[in-house]
Amino acid sequence: MSKGICYYCQNKSKAAGKLGNKELEKLGHSCNQVIFHKGDKIMIQNSLSYNIVFVKEGLVKVHVLGPEREQIINILKGPCYLGIPTTIGAKINKYSATAISETKVCFIGFDIFKEFVLQNGEFAYEIIIELSKNVLFNIKKCINQIQKQGPGKIAEALLYFSEEIFDNEVFDLPLTRNELGDLTCTSRETTSRILTDFSQNGIIKVNKKKISILNKKKLEKISETG
DNA sequence: GCATTAACCACAG
DNA sequence: CTGTGGTTAATGC
């Protein structure tokens, strides 16, 4: 174990893959792995942020308590970084993160992270790529939510879970209807209605949390046309 | 006006 | 926690 947990880690980020053995060893000494269970808070809005948070594996809900209601920003699947913007860009966390499945998380000291960024260009470049993708994702999501109407937003969300998170036409929705509403900027009631509507039209099959996408073409169509 | 959309309320499983 | 029905408000023909 002398080389530390990061050296042997199988879920390294792309950026960490660019680190040399010495650097990985160093990272191991400044990295702390924690296992979170469903519902555990990983990061809390308005608390001080000292660490870069890396999700090794598991599903995480990123959410913000707005003036009116709770807003789910996105659902992330490890391996991915989680708190870079809020750690670098602000003193306090601008959002919360909650595990929605069993999740392995690494907290990385900000100083060592900064050191790698300054000294290892390839590491920094991978970080920039990940951040850039996040920005593009958020722009897309913003447009979707402002311009699409209910069914389009729900279709979008279902496709996201199917393609990005579970890579399967059949999956267990890891959110309640209420949370799906928080994610898609619709009310719990409309979410529920749209799901039964999709189901009646043979587009999906719903059984409690279990969703089966039966007619993906149609779902994509709805997602595109809003 | 009339239709559509969706939020809010309420109530029942 | 969910599903549905009624009501209401906003928006667009």
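When reading the values below, keep in mind they use all heavy atoms of this one structure, side chains included, and skip hydrogens, waters and symmetry mates. It should be emphasised that the depicted structure is a prediction, and the values quoted were computed from it without experimental measurement. Every chain is numbered from 1 and lettered A, B, ... according to where its sequence line falls, protein lines coming before strand lines.
Residue A:Glu189 contributes atom CD, which lies 12 Å from atom P of B:dA10 at whole-angstrom precision. In this entry the distance linking CD of A:Glu179 with P of C:dC1 reads 8 Å, nearest Å. As a whole-Å value, the separation of A:Arg188 CZ from B:dA7 P is 12 Å. Remark: P of B:dG13 and NZ of A:Lys208 are 16 Å apart, rounded to the nearest angstrom. Per the geometry, CD belonging to A:Glu68 stands 16 Å off C1' belonging to B:dA6, to the nearest Å.
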Apply side chain to side chain contact (heavy atoms under 4.5 Å, CB included) to the pair A:Glu169 and A:Lys216, showing each step before the final yes or no. CA-CA 8 Å; A:Glu169 313 271 288; A:Lys216 188 165 173 180; 3.7 Å; yes

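Every residue two or more places apart in sequence or in another chain that forms a salt bridge (charged side-chain N to carboxylate O under 4.0 Å, His left out) with A:Lys104 is listed here: A:Glu57.
Residues of residues 190-199 of chain A that place a heavy atom closer than 4.0 Å to DNA chain C, in numerical order, are A:Ser192, A:Arg193, A:Thr196. Only at 4.0 angstrom or more do the heavy atoms of residues 140-161 of chain A sit from any atom of DNA chain C, so none qualifies.
Remark: of the listed residues A:Leu175, A:Ile165, A:Thr103, A:Ile165 is the sole one forming a side-chain contact (heavy atoms from CB on, under 4.5 Å) with A:Leu59. Tested against A:Ser223, the residues A:Lys148, A:Lys153, A:Lys218 include a single side chain to side chain donor-acceptor pair (under 3.5 Å) partner, A:Lys148.
Looking only at side-chain heavy atoms (C-beta outward), A:Val206 and A:Phe198 stay at 4.5 Å or farther from each other.
Judged purely by distance below 3.5 Å, without hydrogens or angles, the side chains of A:Tyr95 and A:Thr86 never pair a donor atom with an acceptor atom. Side-chain contact of A:Thr87 with A:Ser49: a donor-acceptor pair under 3.5 Å is absent, judged by distance alone.
Contact between the side-chain N/O atoms of A:Arg177 and the OP1/OP2 oxygens of C:dG3 is found at a separation under 4.0 Å.
Here SG of A:Cys80 is found 11.5 Å from CG of A:Asn11. Values are rounded to the nearest 0.5 Å.
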